[in-house]
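This report refers to the structure that appears directly beneath it.
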Amino acid sequence: MNPFTFLSPTRINFGEGTAAGIIDALAELNASNPLIVTDAGLFANGILDPILAEFTNAGLGSPTVYKDVPSDSDVDCVRKGIELGRAINADSVIAVGGGSVIDTAKVINIGLSVDGDVLDFEGINNLTDPLKPLVCIPTTAGTGSEVSAVAMIKDHSTGKKLLFGSRFLYANVAILDPSLLLSLPPRLTAATGMDAVTHGLESYVAMTTNPMSDSLALQSLSMLFTSLPQATKFGDDIDARAQTLLASTIAGVAFTNAGVGIVHALAHTLGAKFSIHHGVANSIFLPHGLKFNIEAAAERYAQVWNYLCTAASNQTSLNEHFSDKFVAEADPTKAAERLLDAVKTLTNLCLLPTQLREVGVPELNDSDVADLADTAMTDPAIMFNPREATPEDLVSIIKGAY
Ligand SMILES: NC(=O)c1ccc[n+]([C@@H]2O[C@H](COP(=O)([O-])OP(=O)(O)OC[C@H]3O[C@@H](n4cnc5c(N)ncnc54)[C@H](O)[C@@H]3O)[C@@H](O)[C@H]2O)c1
Ligand SMILES: [Fe+2]
């Protein structure tokens, strides 16, 4: 067995109503004056109200809320957040939102905790000391950022996503309260959920996979195949919301310890260039990445497939959504093809687009596609992919996904 390290230091509080425990979570971290980071839409629809009420009830007054995070957050937004956090002398950061909010909060926390320009810490392992306490309260079920050691922020001047990766970027606490997801619309439920499915599948076949991340990846996938179509169709089903939320966090721990792959490399590149939601971009590239990898990872995909089949025999809801598809298969390549088929079915059940042309990507000439492929070749995600890809391979996947 290959040597590996596994780290997941974030405390997880899971359950309906757990967001109300925010004051206790802060107290345990010796903090009481947080900067709360969120976005305008979440603030307007009252998702933060129960959390803010806890501060009033505890006699802590009204905490400062920075609510200007756009989808695909950028460096300017981070800088403004740092300015606000410094002005109030924040002793901690709380993120309440999707991956965009959480990633922004992580990078704001760098600016609040260390001297120098935040961009000096871009890249992998450029932090040397612990940051201020960070509590993440996800309102989407997909990115796993609440348990990951990375944050991605767009640089509008280059149109690229900047990666910050460090063990000091782990949140101290992740509060998983499924009631905060009840307002998430079907399309975003589906798209964020497919991000989590991609984390599960890519981490299971990644070059640096290990038995601990494997077990988490399999668990997250069986939960997502069951609950994602349900949560997409019936957004007020709190059990389905709870399953997708927990599964996305589990997949987050898996990919943080095993890596992702070619699908994320392409989703990061085209997502940043054409402002495609991260989950939608993953969902479009997932069948193409899976097909490309079959010749190198058929056995691994077959293990996923046969695990899902066993899970399906215990869960009628899996069979309900996939009729009689979940039948175990001994031949690895055939099993991998069945998995590919099931991923396509899942995407269709979730009513997600399957082609780049459907999400506003303009017609691309050969030189545009070659440039995109070259950029994706430099994305760190690709080094974990089980099959080595050439720029020509990426060109053909991008064209196939168009
Ligand atoms: N750090 C990591 O480990 C990691 C991993 C994967 C993705 N990401 C990043 O995460 C970002 C995407 O995050 P996301 O997919 O969660 O989407 P998002 O954070 O961009 O949110 C999308 C939209 O959903 C809305 N929304 C969020 N929660 C809602 C709720 N409960 N009810 C109603 N509306 C709600 C938001 O207001 C926003 O308009 C990308 O920037 C991506 O790069 C980070
Ligand atoms: Fe992702």
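For ligands, and for the atoms within them, numbers begin at 1 and follow the listed sequence. All values below come from the heavy atoms of this structure, side chains included, with hydrogens, waters and symmetry mates left out.
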Protein heavy-atom partner closest to [atom] - residue, atom, separation in Å:
atom: atom 23 (C) of ligand 1; answer: L188 CD1, 3.6 Å
atom: atom 28 (N) of ligand 1; answer: T139 OG1, 2.7 Å
atom: atom 33 (C) of ligand 1; answer: S183 O, 3.5 Å
atom: atom 5 (C) of ligand 1; answer: T143 O, 3.2 Å
atom: atom 43 (O) of ligand 1; answer: K161 NZ, 2.9 Å
atom: atom 39 (O) of ligand 1; answer: S71 OG, 4.3 Å
atom: atom 18 (P) of ligand 1; answer: S100 OG, 3.4 Å

Below 4.0 angstrom from a heavy atom of [X], which ligand 1 atoms are there? Numbered from 1 as shown, please.
X: F255; result: 3 (O)
X: I47; result: 30 (C), 31 (N), 32 (N)
X: T140; result: 16 (O), 27 (C), 28 (N)
X: V150; result: 1 (N), 2 (C), 3 (O)
X: S148; result: 1 (N), 2 (C), 3 (O)

Taking every non-hydrogen atom, the tightest pair across [X] and [Y]:
X: L134; Y: L169; value: CD2-O, 4.2 Å
X: P34; Y: A90; value: C-CB, 4.4 Å
X: G61; Y: F55; value: O-CB, 3.4 Å

(request) Test salt bridge (charged side-chain N to carboxylate O under 4.0 Å, His left out) on D74 and K80 and set out the steps. (result) CA-CA 10 Å; D74 58 28; K80 285 185 194 139; over 6 Å; no
Looking only at side chains, do [X] and [Y] share a donor and an acceptor under 3.5 Å apart?
X: S148; Y: K106; result: yes
X: N257; Y: S213; result: no
X: T10; Y: E146; result: no
X: T192; Y: T140; result: no
X: D214; Y: T209; result: yes
X: N89; Y: N33; result: no
X: R241; Y: S179; result: no

| task | Under 4.0 Å, heavy atoms only, figure out whether ligand 1 is touched by the backbone of D195, its side chain, both or neither. | result |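 D195 to ligand 1: side-chain contact only, backbone stays beyond 4.0 Å.
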At under 4.0 Å between heavy atoms, is it the side chain or the backbone of D103 that contacts ligand 1, or both, or neither?
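It is the side chain that gets close, since no backbone atom is under 4.0 Å.
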Step through the shown structure and confirm whether more than 12 heavy atoms of other residues, nucleotides or ligands are within 6.0 Å of CD on E388.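 Result for CD/E388: open.
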Enclosure of E358 CD (heavy-atom neighbours >12, cutoff 6.0 Å):
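Yes - once you tally the heavy atoms of other residues, nucleotides and ligands closer than 6.0 Å, there are more than 12.
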Would you say ligand 1 has an N or O under 3.5 Å from any N or O of [X]?
X: G99; result: yes
X: D39; result: yes
X: H278; result: no
X: L180; result: yes

Report yes or no: does a heavy atom of [X] sit under 4.0 Å from some atom of ligand 1?
X: H268; answer: no
X: H277; answer: yes
X: G98; answer: yes

Please identify which of these residues, N282, T375, D379, meets the side chain to side chain donor-acceptor pair (under 3.5 Å) condition with H268.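 In the set N282, T375, D379, the residue that makes a side chain to side chain donor-acceptor pair (under 3.5 Å) with H268 is D379.
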Got a sec, which pairs hit salt bridge (Lys or Arg N to Asp or Glu O under 4.0 Å) with one end in residues 391-402, sequence neighbours left out?
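Non-adjacent pairs meeting salt bridge (Lys or Arg N to Asp or Glu O under 4.0 Å): D366-K399.
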Among the protein atoms near the Fe ion (ligand 2), how many are N, O or S and lie under 2.8 Å away?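 Of the protein's nitrogen, oxygen and sulfur atoms, 4 lie under 2.8 Å from the Fe ion (ligand 2).
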**Plane angle bin for F255 and H264 - parallel if under 30°, tilted between 30 and 60°, otherwise perpendicular** =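 Answer is parallel, since the angle falls under 30°.
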